[in-house]
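Worksheet: the structure to be examined is printed underneath.
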Amino acid sequence: MTSVRLYDSLTQEKRTFEPRDGDHVTMYFCGPTVYNYIHLGNARPFVISMVAKRYFESLGYKVTLVENITDVDDRIIQKAIAEGRTSADVAREFADAYIEDTDRLGLGRPDIEPYATEHMPEIIDLVERLVAAGHAYQAGTDVYFDVDTFEGYGSLSKQQTAEMRHGARITPGEAKADALDFALWKGAKPGEPSWESPWGPGRPGWHIECSAMSLKYLGPGFDIHGGGRDLIFPHHENEIAQAEGALGGEFVRFWVHNGMLNTKDEKMSKSIGNIFMLREALKEYRPEVLIAFFVGSHYRSPMDFSRELLAEAGQQVGRLRNLFRTLDDYISGGGDADAVPSDARAAGAPSSDAEVLAAAEARRVIFDEALADDLNTAAALGEVFALSREANTALAAGTLTAIGASALRKRIGAMVHILGLDAAAEVDDEVPADVHEMATQRQVARAARDFAEADRLRDAILARGFEVRDSADGFKVVPGE
RNA sequence: GGCGCCGUGGCCGAGAGGCUGAGGCACGGGUCUGCAAAACCCGAUACACCGGUUCGAUUCCGGUCGGCGCCUCCA
């Protein structure tokens, strides 16, 4: 099995990745808190986690990917109050929207998507264990984690507790003993959603649900815990404290954090107001264009977002679509039958199948090596394009057999699938009958050398959103990009 | 202020101590085409700056300048 190296934010080094459970990879990625639609920045870790899953699967691993949905939280409550609805109502609306939006990406779904509100027993149990272990204390109706009792606190965010205490404050209404302590359980205020607990009715603090659910589904010391860089502190720092405080052992083996998505060098953030909702983006761009955009950079790099960059990703996807379109036509045309210097074949020129497939194999090796090196999707995508050119060259030369071409298609398709771009390989150009008829008429006009009419028809076809491409033996109508 | 990351050609974006600097987009020139599109071929300019280590650094070390993230809700 290929040896994968992964960068671990905790140790700040790339290490060889070996799953805890042999051929089973266990991963947990922090999903959304559902108080609003998700934006493009939120979509990045979703895409990364799904691509990582596909990559591990391509290596023969079985993967269990858990991605939570946090459906009880201060922000949800705030929104509910502001809109005069129940917290559960708000949470359900945006949880559904999240599923809907990410579904449209076409990457499939994580294996388990647990909701915080459905895991109260596990959450309460974890808090109880922390209290029993002396890591947490009750203050009024709240329960707080006592940061001083956890020696490694700050090790993920590389911060000294003394340093952190400088700016920290205790917000009014909180009964914590130390400004750095954080709430594990919050007593319910009137009108807030609440669950019964040993400390009275209340709800979990942010952070604890992720520790409880990841431990429930993946167990102690699972392989990969991921999320955006901005989650390092306090979210993941606190998760480590909670989980390891309760466990007395290792919580996670690799911490994986993706870089932020910025607009004009500024983080895409709701407070700054420069957000682009995923659902809005999907109205303007094909899902695979968004995926190509993400996959085009290394996951740890910060990325800039702009329409220009999205348009560029669109060009890349178009290039892939053209390749698969050509491949499909070639295969269905029976190899070198169409648009090909048949004299070359007639003269007994050998098929270049072996040659091209060897090239594909070589590309695949580099592709795999790139992904094995901390999931370098950008380099891997580069190999796909390089192979794409080689494929186009062979296709244009017409020296492939249909069998060779379809083997080639399969190989490129497999690479494209790992990167989440299979939609670019599934080219089914539905052309309305009347548009096809116009194209046929245009052929007639061309044959009659009535180019004015031919051009008129092409414009008419274009107006319908399609593009005619002439070839040696006819024409092809494709949807305009 | 503390912690972390980054600075590659017109743009995006890989990369490695020395091999012809991946790939994509854009641009220019070709091939093909009635025209066009697609595809293919060719093309210039880069490694922020200053030192150091080295036979040799864009790649390692130090500093300068610039940018970003976290330290407060945040993917």
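Just so it is clear, the structure is predicted and the values come from calculations on it, not from any experiment.
- Across all strands, A:His235 comes closer than 4.0 Å to no nucleic acid atom at all (heavy-atom distances).
- Taking only side-chain nitrogens and oxygens, A:Arg229 never comes nearer than 4.0 Å to OP1 or OP2 of B:rG4.
- Atom CZ in A:Phe29 sits roughly 10 Å away from atom C1' in B:rA75 (whole-Å rounding).
- OP1 and OP2 of B:rC6 both lie 4.0 Å or more from every side-chain N or O belonging to A:Arg300.
- The shortest distance between the side-chain N/O atoms of A:Asn392 and the OP1/OP2 oxygens of B:rA38 is not below 4.0 Å.
- With a cut-off of 3.5 Å on both pairing distances, the Watson-Crick or G-U wobble partner of B:rC40 is B:rG30.
- Annotation: B:rC49 and B:rC6 have their C1' atoms spaced 16 Å apart (nearest Å).
- A 3.5 Å limit on both hydrogen-bonding distances identifies B:rG2 as the Watson-Crick or G-U partner of B:rC70.
- Rounded to the nearest Å, the gap between the P atom of B:rG67 and that of B:rU53 is 31 Å.
- Between A:Arg364 and A:Asp368 there is a salt bridge, since a side-chain N of the basic residue sits under 4.0 Å from a carboxylate O of the acidic one.
- Listed nucleotides: B:rG34, B:rA75, B:rC71. Nearest to the side chain of A:Phe233: B:rC71.
- Each of B:rG34, B:rC71, B:rA22 was ranked by its minimum atom distance to the side chain of A:Arg449; first place goes to B:rG34.
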Let me see the working for A:Arg411 and A:Glu361 under salt bridge (Lys or Arg N to Asp or Glu O under 4.0 Å), right down to the final yes or no.
-> CA-CA 8 Å; A:Arg411 301 213 181 176; A:Glu361 188 50 41; 3.2 Å; yes
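- Here the options are A:Asp73, A:Asp74, A:Asp142, the test is salt bridge (charged side-chain N to carboxylate O under 4.0 Å, His left out), and the partner is A:Lys186; only A:Asp74 passes.
- When the P atom is used for both B:rG15 and B:rU59, the distance is 15 Å, rounded to whole Å.
- With RNA chain B read from its 5' end, the first of the two nearest nucleotides for A:Arg44 and A:Ala454 is the one closest to A:Ala454.
- B:rG18 and B:rU58 are spaced 12 Å apart, taking the C1' atom of each and rounding to whole Å.
- Going from atom CG of A:Leu371 over to atom P of B:rG23 covers 18 Å, rounded to whole Å.
- The side chain of A:Ser301 places an N or O atom within less than 4.0 Å of a non-bridging phosphate oxygen (OP1 or OP2) of B:rA14.
- Taking atom C1' in both B:rA75 and B:rC70, one finds a spacing of 13 Å when rounded to whole Å.
- In this structure, A:Tyr330 atom OH and B:rA38 atom C1' are separated by 17 Å, rounded to whole Å.
- Of the candidate nucleotides B:rA38, B:rC35, B:rA22, B:rC35 has the atom nearest to the side chain of A:Asp470.
- Contact annotation: A:Arg389 side-chain N/O to B:rC41 OP1/OP2 distance is under 4.0 Å.
- Rounded to whole Å, the C1' atom of B:rA57 lies 11 Å from the corresponding atom of B:rA16.
- Straight-line distance from the CE atom of A:Met303 to the P atom of B:rG69: 16 Å, rounded to whole Å.
- No hydrogens or angles were tested; on distance alone, nothing pairs the side chain of A:Gln315 with the base of B:rG24 as donor and acceptor under 3.5 Å.
- Remark: the separation of the P atoms in B:rG24 and B:rC41 is 9 Å, to the nearest Å.
- Within 3.5 Å, a donor on the side chain of A:Arg442 pairs with an acceptor on the base of B:rG34, or the reverse.
- Between A:Arg319 and the phosphate of B:rC40, there is a side-chain N or O to OP1/OP2 separation shorter than 4.0 Å.
- Residue A:Glu308 contributes atom CD, which lies 16 Å from atom C1' of B:rG13 at whole-angstrom precision.
- In the displayed structure, A:Glu151 atom CD is contacted under 6.0 Å by at most 12 heavy atoms of other residues, nucleotides or ligands.
- Put simply, the side chain of A:Asn376 and the base of B:rG15 share no donor and acceptor less than 3.5 Å apart.
- Comparing B:rG69, B:rG34, B:rC73 by their closest approach to the side chain of A:Pro234 singles out B:rC73.
- Ring orientation note: the planes of A:His236 and A:His257 are tilted relative to one another, at an angle of 30° to 60°.
- If you check every strand for non-hydrogen atoms under 4.0 Å, A:Gln160 touches nothing.
- Listed nucleotides: B:rG23, B:rC12, B:rA16. Nearest to the side chain of A:Leu309: B:rC12.
- Pairing partner, B:rU45: none, since no Watson-Crick or wobble contact has both distances short of 3.5 Å.
- Projected onto RNA chain B by closest heavy-atom contact, A:Pro32 and A:Tyr7 fall at different nucleotides, the more 5' of which corresponds to A:Tyr7.
- Here the P atom of nucleotide B:rG4 and the CD1 atom of A:Ile232 are 12 Å apart, to the nearest Å.
- Within the 4.5 Å cutoff, the side chain of A:Ile291 has no heavy atoms near those of the A:Leu419 side chain.
- Not a single donor-acceptor contact under 3.5 angstrom links the side-chain atoms of A:Asp304 to the base of B:rC12.
- Stacking annotation: A:Phe451 is stacked on the base of B:rG34 (ring centroids less than 5.5 angstrom apart, interplanar angle below 30 degrees).
- B:rC61 and B:rU54 are spaced 12 Å apart, taking the C1' atom of each and rounding to whole Å.
- The side chain of A:Lys158 has B:rG4 as its nearest neighbour among B:rG4, B:rA14, B:rA16.
- With contacts defined as side-chain heavy-atom distances shorter than 4.5 Å, the pair A:Asn68/A:Tyr28 qualifies.
- Figure legend. B:rG51 is base-paired to B:rC61; pairs are counted as Watson-Crick or G-U wobble with both atom distances under 3.5 Å.
- Checking B:rG56 for Watson-Crick or G-U wobble geometry (two distances, each under 3.5 Å) identifies no partner in any strand.
- One can place CD of A:Glu312 at 14 Å from C1' of B:rA14, the figure rounded to the nearest angstrom.
- Within the shown strands, nothing qualifies as a pairing partner of B:rA22 under the Watson-Crick or G-U definition with both distances less than 3.5 Å.
- The OH atom of A:Tyr153 sits 21 Å away from the P atom of B:rG2 (whole-angstrom rounding).
- Here A:Val384 lies out of heavy-atom contact (under 4.0 Å) with every strand.
- A perpendicular orientation is assigned to the rings of A:Phe276 and A:Tyr285, their planes being inclined by more than 60° (bins at 30° and 60°).
- Between A:Arg456 and A:Asp450 there is no salt bridge, since none of the side-chain N atoms of the basic residue sits less than 4.0 Å from a carboxylate O of the acidic one.
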